[in-house]
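Have a look at the structure below, then the notes.
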Amino acid sequence: MARIIVLDPIAQEGLDMLAAAPGIEYEVRTGLKGAALRSALAEFDGAICRSGVTINGEALEGNKRLKAIARAGVGTDNIDKNVATRLGIVVMNTPTGNTLSTAEHTFTLLLALSRRVAEAHMTLCGGKWDRKTYMGSQVADKTLGIVGLGRIGQEVAKRANAFQMKVMGYDPFLSSEQAQKLGIQRVDKVADMFPHIDYLTVHTPLTPETTDLIDSAAIEKLKPGCRLINCARGGIYNEAALVEGLKSGKLGGVALDVFVEEPNTTSPLLKMPNVLCTPHLGASTEEAQQQVALEAVQLLINYFSTGEVRHAVNMASVDPATLQAMKGYLDLAWRLGLLMAEWQPSGAAGCHITYRGEVTKRNTKLLTSAFCAGLLEKALDEEVNIVNAEVLLRERGIVLTEESRPDMGAFSSSMSVEVKTGNKIHVASGTLFGNNMPRLIRLDDSRLEAYIDGNLFVFTHNDVPGIIGAVGTIFGKHSVNIGHMTVGRAVPGGTAVGVLNLDTVPPKAAIDEVLSHPSITSARVIPMPPAGKLPSWLGW
Ligand SMILES: NC(=O)c1ccc[n+]([C@@H]2O[C@H](COP(=O)([O-])OP(=O)(O)OC[C@H]3O[C@@H](n4cnc5c(N)ncnc54)[C@H](O)[C@@H]3O)[C@@H](O)[C@H]2O)c1
Ligand SMILES: O=C(O)[C@H](O)COP(=O)(O)O
C-alpha cells in the first residue's frame with residue numbers, strides 16, 4: 001500500500017481519485033513546516049503539493065521512505081530538487097494544466113492595470129464617483145514585451161495579438177520561424193525591446209539568470225510610462241526597484257500576482273497608486289485546479305503502480321511502455337553494476353560505458369543510471385535508484401562517461417563497462433539472451449558466456465588442464481552443487497576466468513581448498529539476485 005500525503009489544498013476531484021485508487025491510501029495535512037513537515041514526510045511514500053508548502057532540504061533530510069513528489073502545478077522552486085535527487089526522490093509536475101488560466105490572469109491584470117479597474121472600484125465602494133482620476137490607457141496599437149515564450153508566454157502573445165497589440169519577445173529557445181508564426185517580433189536580448197515597449201510581462205522560471213532580471217538599471221532603459229506585469233515568480237522584478245520606478249514616475253504601473261516573500265500583505269507596493277496585486281491567483285480557477293489535481297494524482301498512481309515517470313523535473317521521464325521494453329536491459333545494466341562493485345577493488349576513479357548494436361537505439365541514459373545504481377547499491381547506507389545513482393557516483397568524484405556504437409559486435413546488442421581503479425581497468429560486458437536473460441560475455445580479458453544470478457563463484461587461474469575437474473571435485477566433496485559452469489580466456493595458455501553458479505553458498509573450507517590449487521590465482525563468491533528478480537526501484 002503506497003501512502004500519499006497531500007500537503008496543500010487540491011481540488012476535491014483529485015482527492016476522490018486518490019480515494020478510489022487501489023493500492024493507495026492518503027492523508028491531507030496542510031500548513032506543515034519545520035520539524036512537523038519533516039516527520040510527516042517520513043511516514044509517506046509519495047507527496048502532492050502546490051506552491052504553499054516549502055519542501056526544503058531540511059524537510060527531506062534523512063528521509064528513507066519518500067519516493068515521489070507530484071507538484072499540482074508548474075513551478076517546483078518550493079522543492080529542494082538537489083536534495084530530492086540525492087535521496088532518490090523523483091519530483092514531477094503538471095506542466096500544462098494551468099497554462100490557459102495563468103495566461104488569462106496575466107491578461108486580466110494587463111487590462112485592469114491599464115484601466116485602473118481595482119482603484120476605481122475601491123474609490124466607488126468608498127462612496128466617491130470619480131470619473132477624472134482614473135483615466136486609462138487603450139491597449140490596441142501598444143507594444144507588449146514578453147520575456148519567456150514557453151507555454152504561458154505564447155498564450156499571452158496570442159491574446160495580445162487578438163487585442164491588436166504589437167508583440168516583441170525574447171526566449172533563448174524561440175526560433176525565428178516560431179516567433180513569426182506567433183506574430184512575435186523576436187529580439188536577441190531582453191534589453192533590445194526596452195525602448196520600444198509599453199508593457200512588459202515575464203513568463204520564465206525563477207533562476208539565477210532571471211532573478212532581478214528587471215532591476216533599477218533595466219527600468220532606466222524602459223520607455224517612460226511602461227507598465228510591468230508578473231504572473232511568473234516573485235524576484236524576477238526587483239521589488240525595491242519597482243517602488244523606486246513608480247515613485248519617480250518612470251513606470252506607468254505595476255501588476256503582480258507573485259512576490260519574493262509569500263504570503264505577503266506588507267509589501268510597500270500594496271499601498272501605491274497604479275499598482276494592482278493578487279495573492280498568487282494565476283492558477284486559481286476551477287478548471288485549472290481540477291486539471292492539475294487530477295494530473296498530479298495520476299502521476300503518483302502511475303508511479304506507484306507501474307513505475308512510470310512522467311514530467312519529472314529531476315530525471316528523464318520514462319513511460320511504462322519504455323520501461324517494459326527495457327526491462328531486460330535495465331536488469332542487465334543493474335546486474336553488471338552489482339557485479340563490478342564486487343569484482344573491482346575499491347577506489348574507482350572512473351566508469352566508461354560502451355553500448356553497441358541495437359541497444360544504442362534505446363534510452364541508454366537510463367541504462368547508465370541502472371548500472372550506477374547497481375554499482376553503489378551495497379556500498380551506501382541509503383536508497384540508491386535511477387534518480388540519484390549518477391549524482392551519488394559523481395559526488396564521490398567518479399568520472400562517468402558513456403559512448404554508443406551502433407555497429408554490432410559479436411552480439412546484436414551489448415553493453416560494456418570499464419571501471420578504472422589506479423592504473424588498472426576492470427571490464428565486464430553483458431548481453432541479453434531473448435528478452436530477459438542477462439548474460440556476462442566478458443570479464444576483464446576473458447570472453448565467456450555466464451549467468452549473472454544466484455551464488456556466483458568467480459575464480460581466476462592459469463589456463464592449464466585439470467582446473468575444471470579439480471574445482472568440481474572440491475565442491476562435490478563439500479556437497480555444493482554446481483548449477484552452471486563456464487570458463488573463458490583471452491588466449492590459450494594465458495590467464496583464464498571461471499564463473500560457477502552454485503546452488504548454495506560454499507563453506508570457507510571449500511574456497512580455501514580451491515585457492516590452495518597451484519594454478520588458481522584468486523577465488524571469491526559474488527552473491528547476485530536470483531534470476532528474474534528486478535531492482536526494487538523498478539516497482540515490479
Ligand atoms: N502565477 C501563477 O499562479 C503561475 C501559474 C503557472 C505558472 N507560473 C509560473 O510561470 C512560469 C512559466 O510557466 P510556463 O508553464 O510557461 O513554463 P515553460 O517552461 O513552458 O516556459 C518557460 C520559458 O522560459 C524560458 N526562459 C528560461 N530562462 C529564460 C531567460 N533567462 N530568459 C528568457 N526566457 C527564459 C524558457 O526557455 C521557456 O520557454 C513558471 O515559473 C511557473 O512557475 C505561475
Ligand atoms: O507554478 C505554478 O503552477 C503556479 O505558481 C501555481 O501555483 P499554485 O498551484 O500554488 O496556485
Side-chain angles (χ1 to χ4, degrees), residues 6-11 14 30-31 48-55 69-79 81 91-110 145-159 168-175 178-179 182 184 186-193 200-214 218 229-237 255-260 262-264 277-296 311 313:
V6 180
L7 295 163
D8 280 315
I10 64 165
T30 58
I48 297 187
C49 69
R50 287 177 60 194
S51 63
V53 66
T54 300
I55 308 179
I69 301 173
R71 164 44 162 131
V74 182
T76 52
D77 43 332
N78 55 329
I79 303 166
K81 292 178 286 297
V91 180
M92 300 173 270
N93 73 351
T94 60
T96 55
N98 60 27
T99 301
L100 292 180
S101 289
T102 309
E104 286 180 2
H105 195 63
T106 306
F107 229 80
T108 303
L109 294 188
L110 187 150
I146 306 180
V147 183
L149 285 145
R151 289 173 293 261
I152 297 170
Q154 293 198 17
E155 290 301 330
V156 170
K158 285 184 203 161
R159 281 149 186 79
M168 298 180 86
Y170 171 74
D171 187 305
F173 292 103
L174 181 76
S175 65
Q178 180 68 354
L182 289 162
I184 299 170
R186 186 180 156 275
V187 291
D188 288 332
K189 47 186 197 305
V190 176
D192 288 350
M193 52 189 172
L200 178 66
T201 181
V202 285
H203 298 285
T204 69
L206 184 68
T207 64
E209 289 77 42
T210 61
T211 299
D212 290 337
L213 182 75
I214 304 299
I229 300 114
N230 186 357
C231 278
R233 278 294 177 269
I236 300 177
Y237 296 154
L256 301 181
D257 183 47
V258 285
F259 299 83
V260 174
E262 292 185 14
N264 192 328
C277 293
T278 47
H280 203 145
L281 293 180
S284 295
T285 62
E286 282 173 17
E287 294 81 356
Q289 282 316 304
Q290 180 177 332
Q291 185 73 18
V292 294
L294 291 174
E295 282 179 28
H311 302 313
V313 295

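All residue numbers in this chain count up from 1 along the given sequence. Just follow the structure's listing: the first ligand is 1, and inside any ligand the first atom is 1.
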Where's the contact between Val147 and ligand 1, heavy-atom distance under 4.0 Å: side chain, backbone, both or neither? side chain

Find all atoms of ligand 1 within a distance of less than 4.0 Å from any non-hydrogen atom belonging to Ala232, and give their numbers and elements. 9 (C), 10 (O), 44 (C)

Just go through Ile152, Leu149, Ile236, Asn98 and tell me whose heavy atom is the nearest to atom 13 (O) of ligand 1. Ile152

Can you list the atoms of ligand 1 that are under 4.0 Å from a heavy atom of Tyr170? 32 (N), 33 (C)

Under 4.0 Å between heavy atoms, the region of Thr102 that gets near ligand 1 turns out to be side chain

Among all protein heavy atoms in this structure, tell me which lies nearest to atom 5 (O) of ligand 2, with the distance rounded to 0.1 Å. His280 NE2, 2.6 Å

Should the proximity of Ala283 to ligand 2, defined as any heavy atom under 4.0 Å, be assigned to the side chain, the backbone, both, or neither? side chain

For atom 25 (C) of ligand 1, which of the options Thr106, Asp171, Asn93, Val156 provides the nearest non-hydrogen atom? Asp171

Heavy-atom contacts under 4.0 Å between Asn98 and ligand 2: side chain, backbone, both, or neither? side chain

Show the numbers, then the answer: is there a salt bridge (charged side-chain N to carboxylate O under 4.0 Å, His left out) between Arg159 and Glu155? CA-CA 6 Å; Arg159 281 149 186 79; Glu155 290 301 330; 2.9 Å; yes

Out of curiosity, is Ala72 lining ligand 2, as in a heavy atom under 4.0 Å away? yes

Between Thr207 and ligand 1, does any nitrogen or oxygen pair lie at a separation below 3.5 Å? no

Using a 4.0 Å heavy-atom threshold (strictly under), name the region of His280 that reaches ligand 1: side chain, backbone, both or neither. side chain

Check: Ala232 N/O within less than 3.5 Å of ligand 2 N/O: no

Any heavy atom of Thr99 sitting closer than 4.0 Å to ligand 1? no

Of Glu262, Arg233, Arg50, Gln289, which has the heavy atom at the shortest distance from atom 8 (P) of ligand 2? Arg50

As a check for students: among Gly282, Ala288, Gly75, Cys231, identify the option with a heavy atom nearest to atom 8 (N) of ligand 1. Cys231

Keeping Arg50 on the side-chain end and Pro9 on the backbone end, is there a donor-acceptor pair under 3.5 Å? yes

Contact check: Gly73 vs ligand 2, nitrogen or oxygen atoms, below 3.5 angstrom: no

Region of Asp257 engaging ligand 1 - heavy atom pairs below 4.0 Å: side chain

Proximity to ligand 1 by part of Arg233, non-hydrogen separation under 4.0 Å: side chain

State whether the side chain of Ser101 and the backbone N or O of Asn98 hold a donor-acceptor pair below 3.5 Å, judged by distance alone. no

If I apply the N/O under 3.5 Å rule, does Leu206 come out as touching ligand 1? no

Using a 4.0 Å cut-off to any heavy atom of Thr210, which atoms of ligand 1 qualify? 30 (C), 31 (N)

